[in-house]
Amino acid sequence: MKITDTVVKNIADLTQLTFDKRELASFSTSMSEILELVEQMQQVDTTGVEPMSNPLDATQRLREDVVTEENQRETYQGIAPETEDGIYLVPKVIE
Amino acid sequence: MTMHERSIVQQLDDLHSGKYSAVELTRHYLDRIQRHEALNCYITVLEEKALAGANAADSARAEGQNHLLGGIPIAHKDIFCTEGIKTSAGSKMLDSFIAPYDATVVAKLAAAGVVTLGKTNMDEFAMGSSNETSFYGPVRNPWDTTRVPGGSSGGSAAAVAAGLCSAATGTDTGGSIRQPSAHCGITGLKPTYGRISRWGMIAFASSLDQAGPMARTAEDAALLLQVMSGSDSLDSTSLDEPVPDYRADLTRSLEGLRIGLCEDFFATGLEADSEQVIQEAITVFEQLGAKISRVALPHIAQSIPAYYVIAPAEASANLSRFDGIRFGYRCENPSNLEDLYSRSRSEGFGEEVKRRIMIGAFTLSTGYYDAYYRKAQQIRRLIKIDFQTAFEQVDILLGPTSPQPAFKQGEKTDDQVAMYLQDIYTIAGNLAGLPAMSIPAGFSSKLPVGVQLIGNYMQEGRILNAAHQFQQQTDWHLRSPGAVGAGD
């Protein structure tokens, strides 16, 4: 599958990444090559095959619905780029 | 034989008999790390902490406490969270990240008495097969410093090979323990998916990621696996199964062991000298009493295409957490919230990481999900069935770890597909979730070649047994790289 610069730009917007013109061209080339590799899957007939998401087909374990986490706000905010009075700071959202 | 050429089992004997202390052993490694800084194995060296830990280990031993790994200096791949210590995952995004807690693997090894020398270099977010995507620069292969050590656990592999630690932790999503182990001439094991807790291990592709030991011998790997394994309430995908005594099985005879060779593993693409090494390894196993047969894994050729859908898809979801707000890199002077997200991510992630995020987001997007993601998961099922059918006929599978020995730095950086094909023999083990290991089996043009052993689910003991018996008959695992000098 050929990936155009427009598709790359659209996916970049979805993933919150920005590329300049040169990068857009380079990504459309490399992504096209990778998808060409991936296309080989289409040679296999997978009709009726159950998709596998866990190697051991395990399902989520359940536990008692009790509080297990203690509040560690200070520890976790200690590694944030910018906080004030226990809240995370971001640029102004509402004008 | 100098301290760093001793296996962990031998070092434990030496420490016990008082031949040297944990402090002396730790100083020896710290000195070597400094002298071989050019290999770029470590991102962070913890000199003070390591010496304090060694002191504590010596005191504990003097008081009669016998920890399983008391005083053994190891290194952690920089993907494992270490409380109060920088944990970068090889990325600018986490260059200033100080982990607020220990990964379960780190905590378990600490409880067993290890000394932590530092954090090893790696491909950014474990995405790479050469260690060239690291924000901290490439690691050099100690056997030939113009070559790559493999990846993504390249720093760990090179550090073990060069005698800069007794052993190291690694992680393996598509071959990231086994391929660098092969390229650096060491023993590396990726256990069954879920055998070791993933808590505190920075996620790449959650349904494939698995931690494991990287060591000088199979016996050392068994000892480390013993400590690292087990169910963990903090990782709901960890297996709720008892941990067997892996060392108890090592001495078992291989008489009658059924070894299967996958024909596709010996098809085009495998370098002739590497194939010769594998054939000679097969002869050794035959001499040890194993019965060799050929098995078919009809869908194995589809493992790389399926992997390059599943792994990037999971990565794109996992890496969405890096937003420049709660932790990690934040861009300078963002003009608004969108700009903050977008520039923090674009400036914080390297090119290969961005490429995988993009591929993943594309294959998961509306209209493409069935053709790519669902299809890949169906192929994953077929690959698992192939292995299950094979394991009805044989006990373990044997083949190459890598198509050729370590390649030159820069040789494949401009060709992603060529780089991805490096993992052609290792990826299926991750897709199926099977235990697999690489052990040194010989040389091609003076570079180490690894042989890969794949076991059935939870049969880590079986492949470790085969590896250990092989290492009793051969001395490939005892060879030291010339670049750092055997006695140096």
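In what follows, chains are A, B, ... by sequence order, proteins preceding strands, each numbered from 1.
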| Do B:Tyr308 and A:Met41 have side chains that get closer than 4.5 Å, going by heavy atoms? | no

| remark: Checked B:Gly433, B:Ser236, B:Ser335, B:Ala306 vs chain A; the most non-hydrogen pairs under 4.5 Å come from B:Ser236

| query | Of the listed residues (B:Ser238, B:Gly360, B:Ser316), which shares the most heavy-atom pairs with chain A below a 4.5 Å separation? | reply | B:Ser238

| Taking the six-membered ring of A:Phe27 as reference, does the NZ or CZ atom of B:Arg355 fall below 6.0 Å from its centre and within a 45° cone about the axis? | yes

| query | Are B:Tyr420 and A:Ile34 side-chain neighbours, meaning at least one heavy-atom pair lies under 4.5 Å? | reply | yes

| message | Can you confirm whether B:Glu338 sits close enough to A:Gln16 that some side-chain heavy atom of one is under 4.5 Å from a side-chain heavy atom of the other? | response | yes

| Under a 4.5 Å cut-off applied to non-hydrogen side-chain atoms, are A:Glu50 and B:Gln378 in contact? | no

| Are side-chain heavy atoms of A:Gln43 and B:Gln302 found at a separation under 4.5 Å? | yes

| Contact listing (chain A partner; residues 317-325 of chain B; heavy atom under 4.5 Å) | B:Gly324, B:Ile325

| said: Quick check on B:Thr192 against chain A: is it the side chain, the backbone, both or neither that has a heavy atom closer than 4.5 Å? | reply: side chain

| said: Counting only non-hydrogen atoms closer than 4.5 Å, does B:Asp414 touch chain A with its backbone (N, CA, C, O), its side chain (CB onward), both, or neither? | reply: neither

| Among A:Pro55, A:Ser53, A:Pro51, whose side chain to side chain contact (heavy atoms under 4.5 Å, CB included) with B:Arg380 holds? | A:Pro55

| remark: To the nearest 0.5 Å, atom CE of A:Met52 lies from atom CG of B:Leu382 at 10.0 Å

| Is there side-chain contact between B:Thr363 and A:Val38, with heavy atoms separated by less than 4.5 Å? | no

| request: Go through the atoms of A:Leu62 and report whether side chain, backbone, both or neither lie under 4.5 Å from a heavy atom of chain B. | output: neither

| With distance as the sole criterion, is a donor-acceptor pair present between the side chains of B:Arg343 and A:Thr18 under 3.5 Å? | no

| Do the side chains of A:Val8 and B:Phe362 get nearer than 4.5 Å, heavy atoms only? | no

| request: Rounded to the nearest 0.5 Å, what's the gap from CD1 on B:Ile359 to CD1 on A:Ile11? Could you check? | output: 9.5 Å

| Which residues in residues 64-79 of chain A have a heavy atom less than 4.5 Å from any heavy atom of chain B? | A:Thr75, A:Tyr76, A:Ile79

| Heavy-atom side-chain contact between A:Val7 and B:Met358 under 4.5 Å | no

